[in-house]
Structures are given as structure tokens and as C-alpha cells.
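Contents: one structure, followed by commentary.
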Amino acid sequence: MSGEAAEPFSPRALLSLLFNASKGLDVVRASLDLGVLARLDRGPVTLGELAHETGAVPLRLYKLLDALETLGFVRREDLGNELETTRYTAREPLEAAARAVLGEGSIERDRDKYPWRILEGKLPATLRGEHHIPRAAFDWPPSTFEQFEQFEASMAAGVPPIAEAFRAAHDDLFSFGGAGADPVRWLDIGGGDGALAASVLAADARVTADVYNLGMTEPLVRKRARDAGLEGRLGFVAGDFANEELPGGYDVVSFVRVLHDWPAPFSRMLLDKATRALAPGGRLVVCEEFRTRERLAIQFFWTYFLIGVDSCVSRLREVEFYVGELARRGYRDLLVRPGAFDVLVATRA
């Protein structure tokens with residue numbers, strides 16, 4: 001049935017699939033283009049029906065579906081062991097997932113623009129400290145405007161699922177009991193070019209936001225505010241959170257895909273600074289890829305690429321790490337909203 005987990009692969013089988021990864025993507029791309037994935041998403045279909053609907057040669061289509069089954073995407077049921085009566089069901093929705101990865105605006109395509117081939121075939125030397133990603137190619141934090149621009153564009157490309165998570169958790173984040181008409185001041189720490197903030201502000205006129213980031217990103221945030229018609233509501237505060245206190249008096253302070261980039265002691269220090277920046281009764285928000293096997297898979301590019309960048313920790317942590325840290329600081333009403341990106345929100349005592 002749809003949603004049933006596929007049988008896990010042995011190491012030998014998984015490595016064989018990895019070796020043929022480009023062929024697997026070609027199978028998925030062809031299945032998307034032919035409408036096979038959309039048809040599988042609508043429910044059980046026989047090979048004969050699918051061949052008729054797509055114009056594919058039945059025997060060739062059977063082999064394509066074998067490849068999809070191998071990848072774990074479909075469940076097959078033989079009815080009388082006849083080729084054209086073999087029935088297929090999608091284990092999970094396929095079309096949207098394929099478009100999210102293979103579409104022109106996918107985060108996978110965006111990440112592939114980074115110079116990861118500098119590491120290809122040289123991981124042993126990299127792990128021994130004999131090779132690395134040159135700072136001119138990628139530096140963390142970014143050290144030139146060009147690097148900032150590329151990095152923030154990458155972060156903006158990944159905003160849609162985060163914006164959806166913020167929409168789902170909106171009342172938990174931005175509604176304060178009995179004061180629905182009161183303005184809400186939000187500080188988005190390391191908030192990129194303001195793409196997430198602009199999304200939230202467009203949906204709630206009560207909220208004003210300041211993006212806190214290194215000064216080099218100010219032109220990007222100002223442009224975002226102008227383009228979105230949010231001048232006066234979407235602001236920018238320049239600063240270096242490694243060496244400075246955060247501006248204070250905010251109702252909401254957020255870390256979105258920020259804390260996992262730093263060692264645990266540094267992340268704890270940032271939580272302390274954020275606590276001091278919050279007004280009493282204000283809310284601290286942590287949104288990132290909390291560590292699960294699913295998130296590790298989606299994060300795999302950065303896991304690989306950042307092997308060659310010592311200045312970025314890129315350590316996905318379990319949500320329990322943040323829950324424990326906030327509880328120790330006296331936060332109350334801790335709540336985790338699950339989604340494509342989980343949102344942890346807690347209220348300062």
C-alpha cells in the first residue's frame with residue numbers, strides 16, 4: 001500500500017545504486033515527463049493501462065517500472081503473472097517530490113553550482129589536512145560581496161518550505177494573547193536577504209522585521225524590501241554576533257538555519273545573546289533541519305562539500321539539544337511544530 005516502507009538495501013546493493021545514480025535520475029526524469037509519476041500518484045494502475053495512457057511500449061515500460069521499484073518508489077503486484085496486468089502503486093507521492101528536486105529552481109540544482117569538484121577524488125588528502133576548498137572559491141562566513149550574494153541567493157532558494165513552516169506555526173510565533181492588533185517586532189538573526197521575513201510580513205500587517213546580518217548583506221535586504229513594497233516594515237541591522245550583543249526589545253527573535261553551522265559552545269552563546277535581546281514574554285524561534293535520516297539525506301551536499309571547509313561546523317543536531325538548552329535558560333511553553341522544516345518556539349520567562 002502507499003506509504004509502506006521499502007525494504008532497506010544491503011551495503012552492496014546501495015553502493016551499486018550509487019554507482020548508477022545518474023541513470024536513476026534519468027529514469028525519474030523520464031517518468032516525470034511521460035506523466036508516469038502523476039498517474040501512479042492517482043492510485044493503482046496496471047501496466048497495460050499505463051502503457052495505453054502514455055503511449056509507451058509495454059515491455060519497455062515494464063523495465064522502467066522495475067527501475068522505479070528498485071529505487072523504492074513503487075509497489076508492484078502481479079495479477080496472474082501476466083505482464084500487462086501487473087499493477088503498480090506509488091509508495092509515497094512522487095510527482096511533487098520529483099519536481100522539487102529536478103525542477104529549475106530546486107535547491108539541489110542551486111547547490112550544484114558550488115565548486116564541489118575541487119574535492120572530488122581528493123577526499124583522503126582533504127581528510128588528512130593536505131587539501132581544502134580555497135577561500136577564494138568558498139569562505140565561511142563569506143568574505144566578499146560576490147560570495148555573500150551567491151550564498152544568500154542559495155538560502156533564498158530554500159526559503160519556500162521554511163515559509164510554509166512559518167505559515168503553519170504563525171499563531172504560535174506572532175500572535176500574543178488578547179492583543180491581536182498590537183504590533184509585533186521580530187529580529188531574524190542571520191536572515192539572509194530578507195526572503196523569509198518578506199513572506200511573513202506580506203501575510204501579517206502587524207509584524208515588522210529587522211534582518212540582523214553582516215553589513216555586506218544590507219544592499220540585498222534593502223532591495224528585497226523595495227521589490228516587495230515593504231520599506232518601513234522590513235529593516236536591516238548590521239552587526240557581528242560573534243563579537244557584539246544583539247539589539248534588544250524584540251517580541252520575537254529567530255534563528256533559521258543558523259545554529260547548526262557553529263560549535264555547541266558558540267551556539268549556546270548565541271542563545272544567551274538572543275535571550276537578552278527578547279522582551280519579557282517574548283518568543284525565541286529555532287528553525288532548521290533537526291537531525292533525522294531524512295534531513296541528513298537532503299543536507300548531503302553540504303555534508304560532502306563542507307568536509308573541505310573547517311570554519312563551518314555544519315552539524316545537524318537533534319531537536320532535544322535545543323529543547324534542553326532553552327529549558328535550562330528558563331523558557332516556558334516549549335512547542336515543536338513538525339513539518340518540512342520543524343519550528344521550535346519557546347517563551348522567555
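Minimum heavy-atom separation, P219 to G215: CD-O, 4.1 Å. The two residues G330 and A349 have their closest heavy-atom pair at O-CB, 3.4 Å. Closest heavy-atom contact between F321 and R268: CE1-NH2, 3.7 Å. Annotation for P263 and R317: closest pair C-NH2, 3.3 Å, computed over non-hydrogen atoms. E244 approaches Y212 most closely through the heavy-atom pair OE1-OH, 3.9 Å. When all heavy atoms of T275 and R348 are compared, the pair lying nearest together is O-NH1, 3.4 Å.
Here the side chain of R329 pairs a donor or acceptor atom with the backbone of E325 at under 3.5 angstrom. No side-chain donor-acceptor contact under 3.5 Å links R128 to the backbone of L123. For the pair H170 (side chain) and D204 (backbone), a donor-acceptor distance under 3.5 Å is absent. In this structure, the side chain of T54 engages the main chain of L50 through a donor-acceptor pair within 3.5 Å. A donor-acceptor pair is defined here as one N or O able to donate and one able to accept, closer than 3.5 Å; no such pair exists between the side chain of K273 and the backbone of P247. Checked by atom type and distance alone, the side chain of D26 never pairs as donor or acceptor with a backbone atom of S22 at under 3.5 Å. When atom types are taken as modelled, the side chain of R233 and the backbone of L201 share a donor-acceptor pair closer than 3.5 angstrom. Formation of a donor-acceptor pair under 3.5 Å by the S314 side chain with backbone atoms of T303 is not found in this model. When atom types are taken as modelled, the side chain of D333 and the backbone of T347 share no donor-acceptor pair closer than 3.5 angstrom.
No continuous path of ILVMFWY side-chain contacts below 4.5 Å connects Y322 to V313, so the two sit in separate hydrophobic clusters. Placement of V28 and F9 within a single hydrophobic cluster is found when ILVMFWY residues are connected by side-chain heavy-atom separations under 4.5 Å, directly or transitively. Linking Ile, Leu, Val, Met, Phe, Trp and Tyr residues whenever their side-chain heavy atoms come within less than 4.5 Å places F266 and V258 in a single cluster.
None of D210, D188, T208 except one satisfies the side-chain hydrogen bond (donor to acceptor under 3.5 Å, both in side chains) rule with Y250; the exception is D210.
Salt-bridge check for R295 with D342: passed, with a basic side-chain N closer than 4.0 Å to an acidic carboxylate O. A salt bridge links E164 to R167: at least one charged side-chain nitrogen sits closer than 4.0 Å to a carboxylate oxygen. Electrostatic pairing of K223 and D227 counts as a salt bridge here, judged by a charged N lying under 4.0 Å from a carboxylate O. Between D251 and R185 there is no salt bridge, since no side-chain N of the basic residue sits under 4.0 Å from a carboxylate O of the acidic one. Checked for salt-bridge contact, R257 and E289 miss the test: no charged N lies under 4.0 Å from a carboxylate O. The pair D172-R337 counts as a salt bridge, with a side-chain nitrogen and a carboxylate oxygen less than 4.0 angstrom apart. In this structure, K63 does not pair ionically with D66, as no charged nitrogen and carboxylate oxygen lie closer than 4.0 Å. At a threshold of 4.0 Å, the pair E231-R226 does not count as salt-bridged, since none of the basic side-chain nitrogens sits closer than that to a carboxylate oxygen.
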Practice item. Could you go through the ring-ring contact (aromatic ring centres under 6.0 Å, His included) check for F166 and F341 one step at a time? Key: CA-CA 9 Å; F166 267 58; F341 277 77; 9.8 Å; no

Check your understanding: Would C287 and L344 count as a side-chain contact (heavy atoms from CB on, under 4.5 Å) if you check the C-alpha gap in whole Å, the side-chain angles of each, and the deciding distance to 0.1 Å?
Key -> CA-CA 6 Å; C287 177; L344 167 62; over 6 Å; no

Exercise for review: Take L284 and L278, measure what side-chain contact (heavy atoms from CB on, under 4.5 Å) needs, and give me the verdict at the end.
Suggested key: CA-CA 8 Å; L284 184 64; L278 271 173; 3.9 Å; yes

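Here the side chains of V286 and V343 are not in contact, with every heavy-atom distance at 4.5 Å or above. Contact check for V285 versus F255: no side-chain heavy atoms found under the 4.5 Å cut-off. Using a 4.5 Å heavy-atom cutoff, the side chains of L316 and T292 are not in contact. By the 4.5 Å heavy-atom criterion applied to side chains, I133 and Y114 are not counted as neighbours. You'll find the side chain of F174 reaches within 4.5 Å of the side chain of R206, heavy atoms only. Using a 4.5 Å heavy-atom cutoff, the side chains of N213 and F236 are in contact. Counting only heavy atoms from C-beta outward, the side chains of T126 and E130 never approach each other to under 4.5 Å. With contacts defined as side-chain heavy-atom distances shorter than 4.5 Å, the pair L68/S31 qualifies.
Cation-pi contact between R283 and F176: present, with separation from the ring centre below 6.0 Å and deviation from the ring axis of at most 45°.
Using modelled atom types and a 3.5 Å distance limit, the side chains of T46 and Y88 yield no donor-acceptor pair. Of the N and O atoms on the side chains of H132 and D310, not one donor lies less than 3.5 Å from an acceptor on the other residue. With hydrogens and angles left out, the side-chain atoms of E82 and T86 include no donor and acceptor closer than 3.5 Å.
Rounded to the nearest 0.5 angstrom, W262 CH2 and C312 SG are separated by 7.5 Å. The CZ atom of F138 sits 7.5 Å away from atom CD of Q147, with the distance rounded to the nearest 0.5 Å. Separation of atoms CZ (R76) and CG (L65) is listed at 10.0 Å; rounding is to 0.5 Å.
When the salt bridge (Lys or Arg N to Asp or Glu O under 4.0 Å) test is applied to R39, the partners found at least two apart in sequence or on another chain are E53.
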